[in-house]
2 protein chains.
Amino acid sequence: MATTTGRRSGTRQRILETCRELFNRRGTADITTAEIAAAVGINEGNLYYHFKRKEQILETLFAAFAAELREVAAADLAEGEAETRAARYFRGWFGLMWEWRFFYRDAMVVRRLAPGLQAELETLADEGQADLRRALRSMAANGLIVADDDELERMMVNAWIVATYWIDYLRMRHGVGDITRRHLDWGAWQLMGIFEPYLTAEGRRLLAAAGGVRPGPVPEVQA
Amino acid sequence: MATTTGRRSGTRQRILETCRELFNRRGTADITTAEIAAAVGINEGNLYYHFKRKEQILETLFAAFAAELREVAAADLAEGEAETRAARYFRGWFGLMWEWRFFYRDAMVVRRLAPGLQAELETLADEGQADLRRALRSMAANGLIVADDDELERMMVNAWIVATYWIDYLRMRHGVGDITRRHLDWGAWQLMGIFEPYLTAEGRRLLAAAGGVRPGPVPEVQA
DNA sequence: GTCTATAATGAGATAGAC
DNA sequence: GTCTATCTCATTATAGAC
C-alpha cells in the first residue's frame with residue numbers, strides 16, 4: 001500500500017519488463033545498462049538505484065520465470081480432463097518459453113553474468129523432465145500408450161530436447177522473430193511425432209478429440 | 001614450402017587451435033585477446049600481427065568447421081554399404097559437433113562478434129537438413145522405412161533438432177564436460193528413437209546388422 | 001615475427017546534488 | 001526517486017623498437 005512495501009516502484013517493474021523484451025529481442029550479452037536506462041526512459045544512475053548490480057536484474061527476472069513455469073506445471077496437474085491436458089500443457093509451456101526465450105538461448109551468457117543462477121536453472125530443468133516422465137508413465141498406465149520403460153525414457157528425452165530448443169530452432173532455421181499461435185501448434189505437432197507411433201487406438205482417439213494437435217504438417221511458415 | 005606461402009606460420013595454427021579449445025571450454029564471449037595470447041604463449045601484439053581483428057579468428061575457424069562438416073557429408077555419400085552409413089554418418093556428425101560445439105552453443109554471440117558469418121551458417125544448416133531428408137527418402141524408397149512425406153519431414157526436423165542440440169543437452173542436463181564415445185552412442189540411440197517405430201522388419205534387421213546403434217538405454221552417464 | 005609500450009573505447013558502477 | 005557528473009577498469013587495437 002505505502003511506498004515502503006517496496007513492491008510498487010513502478011519504475012522497477014518497467015525496468016524488468018523492458019529488460020525481458022530487450023534480452024529476448026537482441027540477446028542478453030548485447031544489452032548494456034545505458035541501453036536499458038534509455039529504453040525505460042530513465043537515467044543510468046536511477047537504474048542503479050533500483051538494481052545495485054546488473055546481475056540482480058537477471059536474478060529477479062529468473063525468479064519470475066521460475067514461478068510462472070511452476071504455475072503452468074501445477075495448473076496442469078490440478079484441473080481438467082486427462083485427454084485435454086497434454087495439449088494445454090504444451091501450449092502453456094511453449095508460451096512461457098517464448099516469453100523467456102533468452103534464458104534458453106543465451107544460457108551460456110546468463111551463466112557468466114549471473115553465476116548464482118546455475119543451481120536454480122538445473123533444478124528447474126530437473127522438474128521439467130520429471131513432469132514429462134510422470135505424464136508419459138501415466139499415459140502408459142492408462143493404456144493410451146504402449147512402450148517399455150526404456151522407450152518411455154528415450155521419448156521423454158527427445159521430447160524435452162525438441163520442446164526446449166523449439167523456439168531457438170524457429171529463429172535459427174526460419175528466421176522467426178514474432179512467434180504466432182501457428183508456430184506453437186507446429187511445435188506441438190513436432191512433439192506429437194515422437195509419441196504418436198506408440199499411441200494405442202484409444203490414445204489416438206483421445207488426443208484427436210482434444211483437438212490439441214491438429215495443425216497437420218505446417219508448410220513453410222516464414223517470419 | 002617457403003615461408004611465403006603464408007600457410008606455415010606455426011604460430012597462426014596454434015592460435016586457431018588454442019581458440020577452438022578456449023571457446024569450447026569457456027564460451028566464446030568469455031575469451032579475451034589477452035587470454036588467447038597468454039594461452040598460446042605469445043604477446044598480444046603478436047596476436048594482432050596474425051589476425052588484424054578478433055573477428056577474423058572466428059571467420060577462419062568457421063571456414064575450417066564448414067570444410068570438415070562437408071567432408072563428413074561427402075564421405076557418407078561416397079563409400080560403404082548402405083546399411084552401415086547411417087551409423088557412421090551420425091558418429092562423424094556428432095564428433096564434429098563436439099569439436100566445434102561453441103558454434104552451436106554460442107550461436108548468438110558468434111553472430112554478434114562476426115556478423116558476416118550469418119549467411120554461411122544458414123547455408124550450412126540448409127545443407128544438413130537436405131542431407132537428412134535425402135537419407136530418409138532413400139530409406140523409404142528402399143523399403144527400410146514406412147512413412148508418408150509429412151511424417152518423413154517431421155522425423156527429419158525432430159532428428160535435426162535432437163542432433164544439433166545433443167551436445168548442449170549433455171552439458172546442460174548432465175554436466176558433461178569431456179565427451180566420450182559412450183555419449184555419442186547415446187545420442188545415436190536417441191536419434192534412433194525417432195526413426196525406429198517407422199522401420200520395416202527389413203530396416204530393423206539392417207540397422208541391427210550394422211551394429212551402429214546398440215548401446216541400449218544409457219544409464220546415468222555423468223561427466 | 002615478436003616484443004613493449006600505449007592509445008582508445010566503452011562498459012559497469014558510484015557520489016552527491018536536487 | 002531521479003538526475004548529473006565522474007570513476008574505474010577491462011578490452012580491443014595500434015605504433016614502433018628489436
Side-chain angles (χ1 to χ4, degrees), chain A residues 1-19 22-23 26-62 102 106 108-117, chain B residues 1-19 22-23 25-61 102 106 108-117:
Chain A
M1 295 72 173
T3 340
T4 347
T5 57
R7 256 285 156 252
R8 257 287 154 260
S9 156
T11 301
R12 188 187 152 90
Q13 274 311 116
R14 273 192 304 134
I15 292 169
L16 291 170
E17 186 53 26
T18 303
C19 281
L22 284 176
F23 292 166
R26 307 249 318 280
T28 313
D30 242 354
I31 306 301
T32 66
T33 50
E35 198 162 3
I36 296 169
V40 176
I42 62 173
N43 189 279
E44 227 177 317
N46 191 4
L47 179 65
Y48 276 89
Y49 166 80
H50 290 285
F51 296 93
K52 238 136 204 50
R53 337 215 126 258
K54 198 187 175 189
E55 181 181 350
Q56 276 188 6
I57 299 179
L58 267 179
E59 286 165 358
T60 309
L61 284 174
F62 183 80
F102 72 92
D106 306 333
M108 204 73 182
V109 173
V110 169
R111 187 183 204 166
R112 177 173 115 252
L113 263 42
L117 250 45
Chain B
M1 291 61 175
T3 341
T4 347
T5 57
R7 256 283 156 253
R8 259 286 154 261
S9 155
T11 301
R12 189 187 151 92
Q13 273 313 115
R14 274 193 302 135
I15 292 170
L16 290 171
E17 187 51 26
T18 304
C19 280
L22 285 176
F23 292 167
R25 200 161 66 236
R26 306 248 320 279
T28 314
D30 241 354
I31 306 300
T32 67
T33 50
E35 199 163 1
I36 295 169
V40 176
I42 61 173
N43 188 278
E44 228 177 316
N46 191 4
L47 179 66
Y48 276 91
Y49 166 80
H50 290 285
F51 296 94
K52 218 112 211 83
R53 339 215 124 259
K54 197 187 176 189
E55 181 181 350
Q56 274 188 7
I57 300 180
L58 267 179
E59 286 165 358
T60 309
L61 284 174
F102 71 92
D106 305 334
M108 205 71 181
V109 173
V110 169
R111 187 184 204 164
R112 175 173 115 253
L113 262 42
L117 251 46

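Chain identifiers are assigned alphabetically (A, B, ...) following the order of the sequence lines, protein sequences preceding nucleic acid strands; residue numbering begins at 1 within each chain. From a predicted model like this one, the values you see are computed outputs, not experimental measurements.
- What separates CD of E55(A) from C1' of dA11(C) is a distance of 15 Å, to the nearest Å.
- Atoms CZ (F51(B)) and P (dG1(C)) sit 12 Å apart, rounded to a whole Å.
- The CD1 atom of I31(B) sits 11.5 Å away from atom CG of L113(B), with the distance rounded to the nearest 0.5 Å.
- Using a 4.5 Å heavy-atom threshold, the side chains of V109(A) and F23(A) count as separate.
- Taking 4.0 angstrom as the limit, R53(B) places none of its side-chain polar atoms (N or O) nearer than this to OP1 or OP2 of dT12(D).
- Atom CD of Q56(A) and atom P of dG12(C) are 14 Å apart (whole Å).
- Interatomic distance, E44(A) CD to L47(A) CG, rounded to the nearest 0.5 Å: 7.0 Å.
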Tabulated below should be each protein N or O lying under 3.5 Å from an N or O of nucleotides 2-4 of chain D; please produce it.
| from | atom 1 | to | atom 2 | distance (Å) |
| --- | --- | --- | --- | --- |
| dT2(D) | OP1 | T11(A) | OG1 | 3.0 |
| dT2(D) | OP2 | T11(A) | OG1 | 3.2 |
| dT2(D) | OP2 | N46(A) | ND2 | 3.4 |
| dT2(D) | OP2 | H50(A) | NE2 | 2.8 |
| dT2(D) | O5' | N46(A) | ND2 | 2.9 |
| dC3(D) | OP2 | N43(A) | N | 2.7 |
| dC3(D) | OP2 | N46(A) | ND2 | 3.3 |
| dT4(D) | OP2 | N43(A) | ND2 | 2.8 |

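- Note that the NE2 atom of H50(A) and the OG1 atom of T11(A) stand 4.5 Å from one another [nearest 0.5 Å].
- Between Y49(A) atom OH and I15(A) atom CD1 the span is 10.5 Å, to the nearest 0.5 Å.
- In this structure, the CG atom of L58(B) is 14 Å from the C1' atom of dT12(D), given to the nearest Å.
- For the pair K52(A) NZ and dA13(C) C1', the interatomic distance rounds to 9 Å; values are reported in whole Å.
- Regarding contacts with the backbone of dT11(D), every side-chain N or O of T33(B) stays at 4.0 angstrom or more from both OP1 and OP2.
- Side-chain proximity of Y48(B) to the nucleotides dT11(D), dT14(D), dG12(C) is greatest for dT14(D).
- Between K54(A) and T32(A), the shortest heavy-atom distance links the atoms NZ-CA, 4.4 Å.
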